[in-house]
Asker: 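Dropping a structure here in structure tokens format, bear with me for questions.
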Protein chains: 2
Amino acid sequence: MGLPVRKSKLAPPPACPLTESLALLRGAWAPNVIWYLSGEPRRFGELRRDIPRISARVLSARLRELESRGLVSRHPLDTSPPSAEYALTELGRELLPAINALARVGQKLIAEWDSRASVGKMARVVG
Amino acid sequence: MGLPVRKSKLAPPPACPLTESLALLRGAWAPNVIWYLSGEPRRFGELRRDIPRISARVLSARLRELESRGLVSRHPLDTSPPSAEYALTELGRELLPAINALARVGQKLIAEWDSRASVGKMARVVG
DNA sequence: GCACCATGGTATCCAATGGTAACCATGGGC
DNA sequence: GCCCATGGTTACCATTGGATACCATGGTGC
């Protein structure tokens with residue numbers, strides 16, 4: 001048997017700006033993590049509670065990926081059960097306008113659903 | 001044998017605006033598809049060429065998902081090899097500001113890399 | 001000293017997603 | 001009759017993500 005064929009996995013010059021910024025956000029929950037870090041720095045357990053459906057495994061992986069991409073910085077704290085704080089870097093903050101734009105669309109969608117639901121149910125909720 | 005245990009897969013009210021808009025964009029290449037549809041309607045083969053690294057399988061799946069989410073509309077054409085055109089719906093257009101914000105970040109990143117590369121290479125590119 | 005707790009993870013296992021490549025259906029050109 | 005282009009679909013496999021259990025550290029109650 002010869003050598004196994006190496007599938008090149010080449011990533012030829014994309015240079016598509018959308019592809020570049022999406023590469024920063026790749027991975028499950030990445031935008032949510034950035035969203036919840038956009039205020040103050042937060043700790044691992046806080047982020048777990050912020051994003052209830054994330055698993056510790058994925059949160060851990062995502063934080064290390066975001067750190068390696070330069071979007072997030074990690075600061076271990078010398079507390080009794082050793083803990084750590086995560087914060088957005090300046091590069092991470094550059095993504096906030098885009099994430100805010102996404103959130104605005106989401107708010108609009110939620111508002112539309114709510115108004116239609118209240119119409120459909122004859123305004124069970126006061127409004 | 002009894003019924004297979006149904007893992008509830010519950011999606012309890014997230015109501016996080018970011019989660020809502022990301023649900024619209026879920027799936028590989030979804031933002032790119034919207035990006036390339038943001039001008040004129042485009043055909044399947046055109047999108048394949050626009051996004052060279054997408055596979056036909058995923059493009060097909062993504063278009064049908066985006067259609068079912070109401071972001072994209074499909075218009076079959078009565079041509080000799082039957083073809084189809086895809087266009088953004090109004091809901092799809094509401095995502096364009098967010099996608100443009102992402103693209104702006106990507107452009108900035110590319111510009112920074114370029115300028116650093118040209119400095120590192122002693123400005124091979126005139127600038 | 002020792003059990004027990006909280007924090008911040010890892011290890012293991014399985015399901016869903018995406019990629020590759022091959023194939024199919026239609027109708028026109030040669 | 002055969003091949004081609006378009007617009008997909010199918011089969012198969014690698015990677016990613018999720019659920020859950022577990023581990024390491026050090027503090028606290030006793």
Asker: Rounded off to whole Å, could you give me the CZ-to-P distance for the A/R62 and C/dT10 pair?
Answerer: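 Distance check: A/R62 CZ to C/dT10 P gives 13 Å.
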
Asker: Below 4.0 angstrom, N of the basic side chain to O of the carboxylate: do B/R93 and B/E90 qualify?
Answerer: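 Salt bridge between B/R93 and B/E90, a charged N being under 4.0 Å from a carboxylate O: no.
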
Asker: Do the charged groups of A/R49 and A/E46 touch, with an N to O distance under 4.0 Å?
Answerer: no

Asker: Under 4.0 Å from any atom of DNA chain C, heavy atoms only: list the residues of residues 26-34 of chain B that qualify, in numerical order.
Answerer: B/G27, B/A28, B/W29

Asker: Tell me whether A/L95 is reachable from B/W113 by hopping between hydrophobic residues (I, L, V, M, F, W, Y) whose side-chain heavy atoms are closer than 4.5 Å.
Answerer: yes

Asker: Output the rounded distance in Å from CD1 (A/I54) to C1' (D/dT16).
Answerer: 14 Å

Asker: Within a strict 4.5 Å, meaning less than it, do heavy atoms of the B/N32 and A/L22 side chains meet?
Answerer: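 The answer is yes, as the side chains (C-beta and beyond) meet within the 4.5 Å cut-off.
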
Asker: Say whether, by atom type as modelled, one donor and one acceptor occur between the side chain of A/R42 and the main chain of A/D50 under 3.5 angstrom.
Answerer: no

Asker: Is the shortest side-chain heavy-atom distance between B/I34 and B/L25 below 4.5 Å?
Answerer: yes

Asker: Does one side chain, of A/S60 or A/R64, offer a donor that lies under 3.5 Å from an acceptor on the other?
Answerer: yes

Asker: Are there any protein N/O atoms within less than 3.5 Å of an N/O atom in nucleotides 6-10 of chain D, and if so, which ones and at what distance?
Answerer:
residue, atom, partner, partner atom, Å
D/dT6, O3', B/R43, NH2, 3.3
D/dG7, OP1, B/R43, NE, 3.0
D/dG7, OP1, B/R43, NH2, 2.9
D/dG7, OP2, B/G45, N, 3.3
D/dG8, OP1, B/R74, NH1, 2.6
D/dG8, OP2, B/R74, NH1, 3.3
D/dG8, OP2, B/Y86, OH, 2.6
D/dT9, OP2, B/S60, OG, 2.4
D/dT9, OP2, B/R64, NH2, 2.7

Asker: Checking side chain to side chain contact (heavy atoms under 4.5 Å, CB included) for the pair A/R74/A/L63: CA distance, chi angles, key distance, verdict?
Answerer: CA-CA 8 Å; A/R74 188 191 128 105; A/L63 285 169; over 6 Å; no

